[in-house]
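Everything on this sheet refers to the single structure shown next.
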Number of protein chains: 2
Amino acid sequence: MENTAPLKPTETELEILQILWQHGPSTVRFVNEEQNKVKETGYTTTLKLLQIMFEKNLVSRDEESRSHVYRAAVTEDETQQRLLDRFLDTTFRGSAMKLVMQALGNHRTTPDELNQIRHLLKKLEDDSSNADS
Amino acid sequence: MENTAPLKPTETELEILQILWQHGPSTVRFVNEEQNKVKETGYTTTLKLLQIMFEKNLVSRDEESRSHVYRAAVTEDETQQRLLDRFLDTTFRGSAMKLVMQALGNHRTTPDELNQIRHLLKKLEDDSSNADS
DNA sequence: CTTGATCTACGACTAACTTCGTAGACAATT
DNA sequence: AATTGTCTACGAAGTTAGTCGTAGATCAAG
């Protein structure tokens, strides 16, 4: 077995990753307290999860002090991308278009955000104009 | 207990729903054959799944002929919307923007599709101008 | 040094999802 | 009427995710 193997996080694992991404390296206790803000969770439950995630190389940990400090071993962006690809496949049968339309259509988007998207569109358009470098 | 309760389909259930959405009402055998194009699946496995989905009211069935005919009891759109909402929450922490950006950024989108999105943006803009009603 | 708090490690239990084997009903065919 | 094939129903086993209890180590006081 090798490490450096990025897998698909489960629902709960993702919640924990979110916490680590938001707050940076954290102890089990901190992660657990954050989790409890959303949903009652026993301390050892959080611990176990983090240990499993450690096995899977989803997180790394610093064992210097008695209470280990865990940090995300995968970035938020790459994980989102991975999950998005999968989701696109299974739920929208690969049609990024349809997904975007539904996402934009059904969630109030601020004018500012709409502008950001417009900029992206512009950029995509330009990129496709002058094709390969 | 009541019926008319559309829940979150599991991974496999979603695959079956995709088949029903694509091909319309189908027998177990047909669904199973479609499934086998992607992944070897025993006949009774498919049958069982459809029966469970029937219990959950994800599909309805016509029992006239000996081989029942199943049809999706939830629409593709509403299911996609429901799953998208959930996905947006868990993976993108609610930021439709970020999701759209990633989706557009990492999947080649045709100029035509870009146009469609542009139209949608326009429409969203207009809608937000003249507020309610 | 004893008590109590906090930590890791680990095993076990539950619940949900998926898979499949087997049995019985029903029909078509020999 | 026996054989063969296809169907539904159902039960049971295997898998994975999530939960938590308990034991043992470590530390900080009293």
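Reminder, nothing fancy here: chain letters follow the sequence lines and each chain counts from 1.
Considering only side-chain atoms of A:Thr12, the nucleotide from D:dG18, D:dA9, C:dT18 that sits closest is D:dG18.
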Might you work through the side chain to side chain contact (heavy atoms under 4.5 Å, CB included) test for B:Gln102 and B:Phe92, ending with a clear yes or no? CA-CA 10 Å; B:Gln102 292 237 27; B:Phe92 286 84; 4.1 Å; yes
B:Lys56 and B:Glu13: CA distance, side-chain angles, deciding distance, salt bridge (charged side-chain N to carboxylate O under 4.0 Å, His left out) verdict: CA-CA 11 Å; B:Lys56 296 187 188 174; B:Glu13 286 170 349; 2.8 Å; yes
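Straight-line distance from the CD atom of A:Glu55 to the C1' atom of C:dT8: 13 Å, rounded to whole Å. C:dA15 atom P lies 20 Å from atom CD of A:Glu11, rounded to whole Å. One can place CD of A:Glu63 at 14 Å from C1' of D:dA25, the figure rounded to the nearest angstrom. Look at CD1 on B:Ile52: it is 10 Å from P on C:dT19, rounded to the nearest Å. Going from atom CD of A:Glu64 over to atom C1' of C:dC7 covers 16 Å, rounded to whole Å. Regarding B:Lys8, its NZ atom lies at a distance of 13 Å from the P atom of C:dA16, rounded to whole Å. As rounded to whole Å, 16 Å separates atom P of C:dA9 from atom CE of A:Met53. What separates CZ of B:Phe54 from C1' of D:dC7 is a distance of 16 Å, to the nearest Å.
Only B:Val28, B:Arg29, B:Tyr43, B:Thr44, B:Leu47, B:Lys48, listed by number, bring a heavy atom of residues 25-49 of chain B to less than 4.0 angstrom from any atom of DNA chain D.
With hydrogens and angles left out, the side-chain atoms of B:Glu40 and B:Asn36 include no donor and acceptor closer than 3.5 Å. For the residue pair B:Arg29 and B:Asn32, no side-chain donor N or O sits within less than 3.5 Å of a side-chain acceptor on the partner. Between B:Gln81 and B:Asp77, the side chains place no donor N or O within less than 3.5 Å of an acceptor N or O (distance only, hydrogens not considered).
Note on B:Gln51: a base of the nucleic acid sits closer than 4.0 angstrom, heavy atoms only.
Scored by the salt bridge (Lys or Arg N to Asp or Glu O under 4.0 Å) test, B:Arg93 finds A:Glu76 as partners (sequence neighbours excluded).
For the residue pair B:Leu17 and B:Ala72, the shortest heavy atom distance occurs at CD2-CB, 4.1 Å.
To the nearest 0.5 Å, the span separating OG1 on A:Thr45 from CD on A:Gln35 amounts to 8.0 Å.
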Got a list of protein N/O to nucleotides 27-30 of chain D N/O distances below 3.5 Å?
none

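In the hydrophobic clustering of this structure, B:Leu14 groups with B:Ile16; members are Ile, Leu, Val, Met, Phe, Trp, Tyr whose side-chain heavy atoms approach within less than 4.5 Å, directly or through other members.
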